[in-house]
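Here's the structure, in structure tokens; my notes come after.
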Amino acid sequence: MVLQVYGWDQCPHTRHAVEWLKEHNIPFDYHEIEEESRNVIEKVIEVNGGDDWVVPTLEYNGKWRPGEVFNPEKLEKDLKKLGVIP
């Protein structure tokens, strides 16, 4: 299972999160939200409480993390909670 990152390349929080994941050698698949199917977009909207532009939204092994303002400590904590990292 690989971390799925749903984002928007114009969002600085998405860019910072992607850079952080790369720096920490965490494998992930990146999905530009505007290019996703309606089903995926609807799931991202559901996870984010009605907003599809709250990015980056993360999914790992069926567990979702709503999009948030980039905070490296919070991202690391959430990745541990999702089971992505020990």
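- Proximity of a side-chain donor or acceptor of Gln4 to a complementary backbone N or O of Val2 within less than 3.5 Å is detected.
- Interatomic distance, Lys77 NZ to Ile85 CD1, rounded to the nearest 0.5 Å: 12.5 Å.
- Salt bridge annotation for Arg38-Glu42: present, with a cationic side-chain nitrogen under 4.0 angstrom from a carboxylate oxygen.
- For the atom pair CD of Glu68 and NE2 of His13, the computed distance is 10.5 Å after rounding to the nearest 0.5 Å.
- Val47 and Met1 fall into different hydrophobic clusters, where Ile, Leu, Val, Met, Phe, Trp and Tyr are joined by side-chain heavy atoms under 4.5 Å apart, directly or via other members.
- Rounded to the nearest 0.5 angstrom, Lys63 NZ and Lys81 NZ are separated by 10.5 Å.
- Tracing side-chain contacts under 4.5 Å through hydrophobic residues (I, L, V, M, F, W, Y), one reaches Val55 starting from Ile45; they form part of the same cluster.
- Put simply, the side chain of Tyr6 does not reach to within 4.5 Å of the side chain of Glu32, judged on heavy atoms.
- Of the listed residues (Leu58, Ile26, Asn61, Leu21), just one forms a side-chain contact (heavy atoms from CB on, under 4.5 Å) with Val84, and that residue is Ile26.
- Between the His16 side chain and the Phe70 main chain, no donor and acceptor come within less than 3.5 Å of each other.
- Heavy-atom minimum distance, Trp64 versus Glu59: CE2-CG, 3.3 Å.
- With hydrogens and angles disregarded, no donor-acceptor distance shorter than 3.5 Å links the side chain of Arg65 to the backbone of Asp78.
- Here the shortest heavy-atom pairing between Glu36 and Ile41 reads O-CD1, 3.5 Å.
- In this structure, Lys43 pairs ionically with Glu46, as a charged nitrogen and a carboxylate oxygen lie closer than 4.0 Å.
- Rounded to the nearest 0.5 angstrom, Glu34 CD and Asp9 CG are separated by 7.5 Å.
- In the hydrophobic clustering of ILVMFWY residues, with side-chain heavy atoms under 4.5 Å counting as a link, Tyr30 and Val40 come out apart.
- For the pair Trp20 and Leu79, the minimum side-chain heavy-atom distance is below 4.5 Å.
- Residue Leu82 holds its CG atom at 7.5 Å from CG of Leu3, rounded to the nearest 0.5 Å.
- A distance-only check finds no donor-acceptor pair linking the side chain of Asn48 to the backbone of Gly50 [under 3.5 Å].
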